[in-house]
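Report on one structure; see the data block that follows.
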Amino acid sequence: MSDVLASPVVQAPMAGGGSTPALVAAVSEAGVTGFLAAGYKPAARMREEIEETRRATSRPFGMNLFMPSHDRVDEAAVAAYRERLGPEAERLGVELGAPGDRSDDWEAKIADLVADPPAIVGFTFGCPEPGVLAAFHEKGTVTVVTVTSVAEAVTATAAGAGALYVQGREAGGHSGTFTGAAGTPLRELLPAVRAATDRPLLAAGGLATGAHVAEVLALGADAAQLGTAFLRCPESGAGGVHKAALADPRFTETAMTRAFSGRSARGLVNRFMIEHSSFAPVAYPDVHYLTAPLRKAAAARGDAGTVNLWAGESFRLAADAPAAEVAARLLDELAAATA
């Protein structure tokens, strides 16, 4: 793993727009390993972003995939949630979304990446079959599986994962849990996972400074992964409403919710989350497709109360600065913390 990481700092993959070729290239050139995100995109668009990034940097970078959803869905619960969101759709003048692809174009993405992979390929929402991981290893590609418990870490290690993302519950965006279980604080989870596996570990969850990075390295991580810290950068693909909310004093805390996607994710507490979280079923990506038109229309209106504002617990430390500057600051802070 160390031969593909420029430093112990990694820019986390952020599906839904946050990770862009411009962001990945900028941080990679600055000495931080960048990650693209394939979630919600067809395989063809994933390949376009890989090639665009390669044109902008010769440094190693990664691509992260969502595992296909095989969850059993309570259709009646989804229908009830659709009915509940009817007034939201009427207010915004849109129709609620229809069901979509539950595989996230998985087979096409795997075929494409095995044929021509980047330096690192990551997986979230489960662990691939050993044969998939082996195919990448044969190409010399490092594989990384997101885990949120010791049991998941043991499963991923046994399957042949090259490294593990150890995601604490403080992390912004979706929890990478295999099962939907409640998360564990990173500083409790990391030493436990370190004791259970010999794989390199990338720690994630509310990390925003070089001192945070130094702390998790001391707890057994080989690197630290930061996402929210880069969301306000001009190279980030996060929407303007999202970027502004991260610095808006009206938003003071984060919480986990299924209200936007049907799967637990951490974001800034806003009106939609407060009103609908307790009614949202466990149904991913069904709820994601259901709410997509609402979120798009709300973003166009600048309505921060109705969009998903994914953010980790240290969101207030995210800076409105070029990605290269953020990367350089993190590396300087890490050097100072470990001097």
Side-chain angles (χ1 to χ4, degrees), residues 12-19 36-43 45-46 64-86 88-89 92 94-106 108-109 123-126 146 148 167 171-180 183 227 231 237-239 241-242 254-300 303-311:
M14 294 174 282
S19 290
L36 296 168
Y40 311 123
K41 297 168 185 169
R45 179 56 188 154
M46 178 192 73
N64 191 69
L65 283 71
F66 285 167
M67 294 287 294
S69 176
H70 299 297
D71 296 342
R72 292 184 178 179
V73 174
D74 184 338
E75 299 294 347
V78 174
Y81 195 54
R82 171 180 287 274
E83 183 174 355
R84 177 178 179 80
L85 297 183
E88 296 276 5
L92 292 167
V94 297
E95 296 289 332
L96 291 167
D101 178 22
R102 297 181 63 79
S103 76
D104 203 39
D105 209 13
W106 169 260
K109 287 175 180 175
F123 303 92
T124 298
F125 301 158
T146 305
T148 63
Q167 185 192 50
H174 283 98
S175 168
T177 174
F178 295 8
T179 62
L231 271 180
V241 173
H242 193 173
T254 66
M256 300 297 289
T257 184
R258 293 193 302 267
F260 297 102
S261 72
R263 190 177 181 101
S264 292
R266 182 173 296 281
L268 301 180
V269 176
N270 63 1
R271 179 196 63 81
F272 194 94
M273 187 188 293
I274 293 169
E275 294 184 5
H276 301 299
S277 287
S278 62
F279 299 92
V282 178
Y284 176 88
D286 307 69
V287 173
H288 162 75
Y289 288 121
L290 179 68
T291 66
L294 299 179
R295 292 179 279 122
K296 182 177 180 180
D303 177 5
T306 310
V307 296
N308 52 306
L309 304 169
W310 300 148

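On a predicted model such as this, the values are computed, not experimentally measured, just so you know. Counting from 1, the numbers follow the sequence of the chain as shown. Values below: every heavy atom of this structure, side chains too, minus hydrogens, waters and symmetry copies.
Checking Asn308, Leu309, Leu85 one by one against Phe272, the side-chain contact (heavy atoms from CB on, under 4.5 Å) holds for a single residue, Leu85.
In this structure a side-chain-to-backbone donor-acceptor pair under 3.5 Å is present from Lys109 to Asp104. Looking only at distances, no side-chain donor or acceptor of Tyr284 sits under 3.5 Å from a matching main-chain atom of Ser264. No donor-acceptor distance shorter than 3.5 angstrom exists from the side chain of Arg45 to the backbone of Ala38, with no hydrogens or angles considered.
Atom CG of residue Leu231 and atom CE of residue Met14 lie 5.0 Å apart, to the nearest 0.5 angstrom. A distance of 8.5 Å separates OG in Ser103 from NE2 in His70, rounded to the nearest 0.5 Å. Here the CZ atom belonging to Arg263 is positioned 6.5 Å from the OG1 atom belonging to Thr177, to the nearest 0.5 angstrom. Here the OG1 atom belonging to Thr146 is positioned 6.5 Å from the CD atom belonging to Gln167, to the nearest 0.5 angstrom. Going from atom OG1 of Thr257 over to atom CE of Met273 covers 5.0 Å, rounded to the nearest 0.5 Å. In this structure, NZ on Lys41 lies 10.0 Å from CZ on Phe66, to the nearest 0.5 angstrom.
In this structure, Arg295 fails the cation-pi test against Phe260, since its NZ or CZ atom is not both closer than 6.0 Å to the six-membered ring centre and inside 45 degrees of the ring normal.
The aromatic rings of His288 and Tyr40 sit parallel to each other, their planes meeting at less than 30°, with 60° as the upper class boundary.
Between Met67 and Phe123, the shortest heavy-atom distance links the atoms SD-CD2, 4.3 Å. What you find for Val287 and Gly262 is that their closest heavy atoms are CB-N, 3.4 Å. The two residues Leu96 and Pro293 have their closest heavy-atom pair at C-CG, 4.1 Å. Taking all atoms of both residues into account, the shortest heavy-atom contact from Ala304 to Asn270 is O-ND2, 2.9 Å. Taking all atoms of both residues into account, the shortest heavy-atom contact from Val269 to Ala255 is CG2-CB, 3.7 Å. Val94 and Ala297 make their closest contact through CG1-CB, 3.8 Å (heavy atoms, listed as atom of the first residue, atom of the second, distance).
A 4.5 Å side-chain heavy-atom check between Glu88 and Thr306 finds at least one atom pair inside the cut-off. Looking at heavy atoms from C-beta onward, Asp303 lies out of side-chain contact with Val241 at the 4.5 angstrom threshold.
For His174 and Ser261, the side-chain atoms include at least one donor-acceptor pair closer than 3.5 Å.
Salt bridge status for Arg102 with Asp286: present, with a side-chain N to carboxylate O gap under 4.0 Å. Between Glu275 and Arg84, none of the side-chain N atoms (NZ, or NE/NH1/NH2) sits under 4.0 Å from a carboxylate O, so this pair counts as no salt bridge.
The aromatic ring centroids of His242 and Trp310 lie 6.0 Å or more from each other.
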